[in-house]
Amino acid sequence: MKKTVLILLFLLLMVTKTATMANYQDELIDIAEFAETENLPVKDWSVTIREQIDVERAANIRTQLKKEGLKESKTEKENSQNYLLRDRRNFKDLNVYYKVIVHSGKAELIVVLEGQKWTQDIKQSYVNKKTTIKDEFFTNKAQTFACLSVSDDAIIDSDYFFKDLTKTFNIQHENKQFDNTKNSAHKFIFYGYTPLWTQKINLGNSKLNIQVAVTENATGDLTYTIGTPILINEY
């Protein structure tokens with residue numbers, strides 16, 4: 001009887017976990033699944049969560065993280081104090097670090113999750129850690145920026161890439177900005193809006209929440225760096 005109960009509990013937990021993942025809404029996961037569909041290998045990815053907080057809250061967060069074993073480093077720049085704490089606790093292929101910026105009596109908390117590849121195990125670790133971080137440190141006023149880069153060694157033409165991207169995400173208000181600088185690795189930047197994601201930036205009569213930077217290396221291979229709502233990292 002006890003054995004049967006344990007088996008039923010295990011199955012219930014598995015079903016609950018599967019349902020939670022199936023219903024989990026996340027822009028990075030959407031982008032990663034698109035890359036997988038296009039058979040484009042992931043080079044790197046990152047998710048940045050940031051929010052303005054009061055100085056006392058910032059100090060409490062730093063104290064809490066240090067009590068949990070995170071080491072802190074401090075730098076000063078332009079009258080601001082920047083505190084960096086990296087979480088090294090058993091996250092395989094997933095890097096997490098916290099940054100607290102204090103300036104003129106105000107503070108900002110920035111948390112970055114990043115990795116160099118994408119697998120189902122990494123996806124699960126990412127979802128678990130991001131959920132914990134948002135519940136513990138942020139409110140619904142926090143901004144989230146997702147970014148993922150894929151490499152293309154001429155498997156598909158860029159026209160097909162953007163055709164598939166536009167169709168998959170139902171992209172509207174699309175536009176391209178070309179880089180005419182001589183010998184620049186940057187080819188162009190693609191902008192658009194997808195109604196599938198809630199975050200957006202209003203630009204007059206149009207909206208923006210997806211941005212793709214296209215770069216080319218010396219051998220002609222392309223890298224697509226996809227970000228939402230905009231790219232905030234170097235590419």
Side-chain angles (χ1 to χ4, degrees), residues 9-51 53 61-73 83-100 108-151 168-169 196-199 209-210 223-235:
L9 285 172
F10 175 77
L11 291 174
L12 179 61
L13 287 171
M14 289 299 293
V15 171
T16 303
K17 178 179 176 181
T18 302
T20 300
M21 283 298 296
N23 298 326
Y24 190 79
Q25 300 296 314
D26 187 273
E27 291 87 344
L28 176 69
I29 293 176
D30 291 343
I31 297 170
E33 289 178 349
F34 170 76
E36 184 177 20
T37 301
E38 298 294 313
N39 295 315
L40 295 173
V42 173
K43 295 181 62 178
D44 52 63
W45 60 268
S46 69
V47 168
T48 302
I49 311 168
R50 60 196 312 165
E51 184 176 3
I53 59 176
I61 290 174
R62 290 173 47 224
T63 299
Q64 175 184 338
L65 293 173
K66 286 187 286 187
K67 285 182 177 179
E68 293 176 6
L70 277 65
K71 293 184 178 181
E72 180 183 84
S73 60
Y83 303 92
L84 183 65
L85 302 99
R86 182 165 180 177
D87 196 339
R88 302 177 181 273
R89 295 172 295 182
N90 302 320
F91 300 124
K92 184 179 180 182
D93 299 318
L94 172 63
N95 299 317
V96 182
Y97 61 87
Y98 302 78
K99 187 174 184 179
V100 176
E108 182 179 19
L109 173 64
I110 303 172
V111 180
V112 178
L113 301 92
E114 62 182 15
Q116 301 297 316
K117 56 184 178 179
W118 187 261
T119 65
Q120 286 302 309
D121 288 342
I122 295 173
K123 174 183 174 181
Q124 185 64 64
S125 297
Y126 159 72
V127 169
N128 292 343
K129 189 61 180 175
K130 181 188 174 188
T131 301
T132 300
I133 288 171
K134 292 199 75 173
D135 289 345
E136 188 170 3
F137 297 111
F138 291 98
T139 71
N140 57 7
K141 295 181 180 179
Q143 293 180 299
T144 302
F145 301 85
C147 173
L148 181 142
S149 294
V150 295
S151 56
T168 300
F169 294 101
L196 301 180
W197 300 333
T198 56
Q199 280 198 132
N209 64 357
I210 186 168
T223 294
Y224 301 100
T225 303
I226 309 168
T228 180
I230 58 173
L231 291 168
I232 60 172
N233 300 333
E234 294 292 332
Y235 50 85

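Excluded from the calculations below are hydrogen atoms, water molecules and symmetry mates; all remaining heavy atoms, backbone and side chain alike, are included.
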What pairs with Thr139 under side-chain hydrogen bond (donor to acceptor under 3.5 Å, both in side chains), at least two apart in sequence or on another chain?
->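 With sequence neighbours excluded, Thr139 shows a side-chain hydrogen bond (donor to acceptor under 3.5 Å, both in side chains) to Glu51, given in chain and number order.
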Using 0.5 Å steps for rounding, measure from the [atom1] atom of [X] to the [atom2] atom of [Y].
| X | Y | atom1 | atom2 | result |
| --- | --- | --- | --- | --- |
| Leu94 | Trp118 | CG | CH2 | 9.0 Å |
| Phe169 | Glu27 | CZ | CD | 10.0 Å |
| Lys129 | Asn95 | NZ | CG | 12.5 Å |
| Lys123 | Asn128 | NZ | CG | 11.5 Å |
| Asp93 | Ile122 | CG | CD1 | 4.5 Å |
| Tyr126 | Leu28 | OH | CG | 4.5 Å |

Cation-pi check, Arg62 onto Tyr83 ring (under 6.0 Å, within 45° of axis) =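 Checked: cation-pi criterion met.
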Between [X] and [Y]: side-chain donor-acceptor atoms closer than 3.5 Å:
| X | Y | answer |
| --- | --- | --- |
| Asp30 | Trp197 | yes |
| Gln64 | Glu136 | yes |
| Gln120 | Gln124 | no |

Evaluate the side chain to side chain contact (heavy atoms under 4.5 Å, CB included) criterion for residues Asn209 and Gln199: first the C-alpha distance (whole Å), next the side-chain angles of each, then the deciding distance (0.1 Å), finally the verdict.
-> CA-CA 7 Å; Asn209 64 357; Gln199 280 198 132; 5.6 Å; no
Residue pair [X] / [Y], side-chain heavy-atom distance below 4.5 Å:
| X | Y | answer |
| --- | --- | --- |
| Val47 | Glu114 | no |
| Lys43 | Thr223 | yes |
| Asp44 | Val42 | no |
| Thr37 | Thr168 | no |

Scan the side chains in residues 141-148 for donor-acceptor partners under 3.5 Å anywhere in the protein, sequence neighbours excluded, and list what turns up.
none

May I ask you to decide if Tyr97's main-chain N or O and Asp87's side chain share a donor-acceptor pair within less than 3.5 Å?
->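 Pair absent, no side-chain N/O of Asp87 close to backbone of Tyr97.
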Donor-acceptor contact below 3.5 Å, side chain Trp45 vs main chain Lys117 =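 Such a contact is found between Trp45 side chain and Lys117 backbone.
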Side chain to side chain contact (heavy atoms under 4.5 Å, CB included) between Lys134 and Ile49: does it pass, once the steps are laid out?
-> CA-CA 8 Å; Lys134 292 199 75 173; Ile49 311 168; 3.8 Å; yes
Test log, rule side chain to side chain contact (heavy atoms under 4.5 Å, CB included), inputs Glu108 and Arg50 = CA-CA 7 Å; Glu108 182 179 19; Arg50 60 196 312 165; 2.8 Å; yes
Over all heavy atoms of both residues, which pair between [X] and [Y] is shortest? Give the atoms and the distance, please.
| X | Y | result |
| --- | --- | --- |
| Ser151 | Leu40 | O-CD2, 3.5 Å |
| Val96 | Val111 | CG1-CG1, 4.3 Å |
| Leu70 | Arg86 | CG-O, 3.6 Å |
| Lys130 | Leu113 | N-CD2, 4.0 Å |
| Val127 | Thr131 | O-OG1, 2.7 Å |

Using a cut-off of 6.0 Å, state whether more than 12 heavy atoms not belonging to Lys99 lie near its atom NZ.
->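 No.
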Should Tyr98 and Leu84 be marked as a side chain to side chain contact (heavy atoms under 4.5 Å, CB included) after you check the CA-CA gap, both sets of side-chain angles, and the distance that decides it?
-> CA-CA 6 Å; Tyr98 302 78; Leu84 183 65; over 6 Å; no
